[in-house]
Every structure is written in structure tokens, then in C-alpha cells.
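The structure appears below as C-alpha cells.
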Amino acid sequence: MVGVVAVTVKLFANFREAAGVDKTVVEGAADIASLLKALVAKFGDDLRRNLFDGEKLRDTVNILLNGKSVELHEGLNTKLKDGDVVAIFPPVSGG
Amino acid sequence: MGEPKSPSRSEKAVKKDFFGLTQDQIVRYSRQLILKEVGGRGQRKLMESKVLIVGAGGLGSPAALYLAAAGVGRIGIADSDRVDLSNLQRQVIHSTKSLGMPKAESAKETIQALNPEVEVTTIEERLDSGNALKILKGWDFVIDGSDNFPTKFLINDACVLKDIPFSHAGVLRFIGMTTTVIPHRGPCYRCLIKEAPPPGAVPTCQEAGVLGTVPGVMGAIQATEAIKFLIGAGNLLVGRVLYFDALNLRFDQFELKRNPRCPSCGDKPLIRDLSQVDYGTFCRVRQNARGKG
């Protein structure tokens, strides 16, 4: 299995509800964009609607890679490596 | 409500051997005094501490009540709203008799009924980029109990600029998220979320609802973090985001790292002055801001 990238994805809030799981492992995704595609393929349209508005990633999707926002890396082009942990959550501002 | 009650000279004399606590104080705080992490020294620290709560709403209510009960010496309540009937399902520091009152004043009355030893400062102003540094100045710890992105980013940026530790939290429906920020010793809120989502993209509690106990749980956690910070006990929720799912009754957490490129707390911070940020919509750093160093 040398060379296969396995990434752990933790889903929160609406993403968890749409996927029906809180955690999953995705293999073979080279970057964040392909990871999201793999997640949609795995969990279906409800998750796609929560992640994307048409082709565009929704503004309410926050993605951390190993604790760091991918916005401050290379966004959707951020590369993944074996053992990475990705957290996907929406911002909440109520008080 | 009168002036905060001071121990009489004779009470002080009797108990001067136990961190200057009066007999009443020893009884009032007995359940936490016997915790080795608190003790007389920790209680003394709490009584000499100042905590500002921004927003006397769903988060701020339980936070204020528990901090007052624990004997934090001075509590500031910053809120410009008045108590509305729709608040009472979750904002437990207010009551039916306080409808129409300024929230800061209503909170002060409840705090002083609970613990007259606490001094309460009311600030009936809405936090903005013009007054934030003045309002936040001098507090040992800040509780972000606000209910909107601009105020959350403003509290973050101002606290990072002035090195004031704070507890962030947000709630919606059955969900709560919280993290503790010790500026420059861990990540900040902008390391978690760089900018605010567009208006309307994330529903408010008014639009989508919130179970009252969710801010209750999160506000109690925020007060816990404040107390731990003030007495120097345990491990703070720094570099971790705690996520509460009330519907399935689960707590999860994920790691958060300080980002060297963070506009607020990064190695070359873009935000050196609150006027550099447009808090109107995205809480975005204005184009002409430049990193230093």
C-alpha cells in the first residue's frame, strides 16, 4: 500500500448530519478539492449541497488540516499526505 | 443595591491567618476552598480578579452567574440591549420582572442578589472598533458572549492587540463551539476562521433557533476556563476547539494551531490597529494594511 494517502476526516454539525457519520477515512485524495469530491461520492447529494453551491465551495465551510485553516494554506489546492486529519465545520455566531 | 460589602475589621482580624477571608467567605466558598487547586490562595486570586463579559445573553448569563458565585471580585457586563420576553428562554440572569430593563443593569441586580461581595461594572454600550480597546482595557479575562460575527472578530482582534486572554463561544440550534485564546501563546479565533461569512449565510439563533441549555452549557464552560486561568489550574482549552452536540449528547474536539500567517496573531500581523479592519461585513483587513517586520 505504499503511496496511498489515507486521510481522516472529522465532520461537524450540518456536515455530520448530511453524511450520517462523524468520522471517515478517505484514501487516494491528493488535495483538499479531491478529498471533498471523494466525500460527496461517498455520502451523496445531501452532503454535496451542504458543501457546494453549484461548483463553488460554500462560504460556510471551514476546513482545518492538522489544526490549520486551509484558507491560510493553498485553499482547495492544499496537498494532503498520509495520516493527515481534516476537520470540516460551519462557523456559529449565536450567543 | 448598595456598595459591595467589605469584611469588618474584627472579621479580618479573626481570619487573617487564612488568606484574609472572613468567616462568611470561608463558608460561602467552602466547597471550592477544599479543592486543592483552589484553596485559600486561589480564592484570594479570584476575589482580586476582574472579568469582563461581553453580552449578557445566552452565553453571558450562565458565565456571569457562575463567576459571581465563585467570588470573582469585579465583573463587567457590556451590553447595550434591553431585556425582551423572547430572551428569557435562555438568558437566565434576567427574569420576567426585568423586562424592558437594560440587560447590563438587570444582570447587575441578579449578580448582587447572588453575591453582594462582587463589584459589578455596567457598560451599556455596543462594542465597536472605536470603543473596544477602551472597554477591554484593564480586565484580566474576557468572556465573549456576543451573538454576531463582527463582535466576535472585534473581541478577538482587540484582545490579541492588548494581550488579554478570552474565551470564545458560539451556539446555534443544538450546537455549541468554544475555544480559549491566550494571545501569542496559542491560536486565536482568526486562526480558526479567517473572515466572517457573508451576512445571511449562517443563520442567527433568531432565524434558526437555539435550545436554551446549549448556551447554558457553553457559558458554564467559558466561566470554568476563566476561573482556571485566574487561579492557574489545569489545562485550558487552548489550541483545541470543543464542539457540543446536544441533540446526540456528544462532546468532540479538534486541534487548532496558531497560524504564522494569521492576520491577527501571526508572525507579521496585518492588524495593528482596529481601524484597519472593516467590521461591517466580512471583518476583513482593509487592502492598505501591511504586515510589519
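Heavy atoms only: backbone and side chains are in, while hydrogens, waters and symmetry mates are out. In the text below, chain A, chain B and the rest are named by the order of the sequence lines, each starting its count at 1.
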Hey, is OH on Tyr66(B) packed in by over 12 heavy atoms from elsewhere, all under 6.0 Å? no
Note: Pro197(B) and Asp59(A) closest approach over all heavy atoms is CB-O, 4.1 Å
Counting only heavy atoms not in Lys23(A) (residues, nucleotides, ligands), do more than 12 fall under 6.0 Å from its NZ? no
Filtered by a 4.5 Å non-hydrogen cutoff, the part of residues 247-262 of chain B contacting chain A is Arg250(B), Asp252(B), Gln253(B), Phe254(B), Glu255(B), Leu256(B), Lys257(B), Arg258(B), Asn259(B), Pro260(B), Arg261(B)
For Asn235(B), does the CG atom have more than 12 heavy-atom neighbours from other residues, nucleotides or ligands under 6.0 Å away?
-> no
One option among Thr204(B), Val210(B), Leu192(B) has the most heavy-atom pairs under 4.5 Å with chain A, and it is Leu192(B)
Rounded to the nearest 0.5 Å, the CG atom of Asp245(B) sits from the CZ atom of Arg16(A) at a distance of 5.5 Å
Bottom line for Arg58(A): the part with an atom under 4.5 Å from chain B's heavy atoms is neither
Taking every heavy atom of Gly95(A) against every heavy atom of Val171(B), the minimum-distance pair comes out as N-CG2, 3.8 Å
Under 4.5 Å to a heavy atom of chain A? For Ser146(B) that would be backbone
Of the listed Met218(B), Gln206(B), Gln91(B), Lys194(B), the one with the largest count of heavy-atom pairs under 4.5 Å with chain A is Lys194(B)
Bottom line for Pro91(A): the part with an atom under 4.5 Å from chain B's heavy atoms is both
Applying a strict 4.5 Å limit to non-hydrogen atoms, the region of Asn148(B) in contact with chain A is backbone
One should read off an interatomic distance between Ser93(A) OG and His168(B) NE2, to the nearest 0.5 angstrom, of 9.0 Å
Listed by number, the residues in residues 61-69 of chain A that come under 4.5 Å of chain B (heavy atom to heavy atom) are Asn62(A), Leu64(A), Asn66(A), Gly67(A), Lys68(A), Ser69(A)
Under 4.5 Å to a heavy atom of chain A? For Tyr243(B) that would be side chain
Of Cys191(B), Pro198(B), Ser61(B), the largest count of non-hydrogen pairs under 4.5 angstrom with chain A goes to Pro198(B)
The reported gap from CG in Asn14(A) to CD1 in Ile175(B) (rounded to nearest 0.5 angstrom) is 7.0 Å
Greatest number of non-hydrogen atom pairs under 4.5 angstrom with chain A, of Val214(B), Val241(B), Val202(B), falls to Val202(B)
When the 4.5 angstrom heavy-atom criterion is applied to Ala87(A) and chain B, the contacting part is side chain
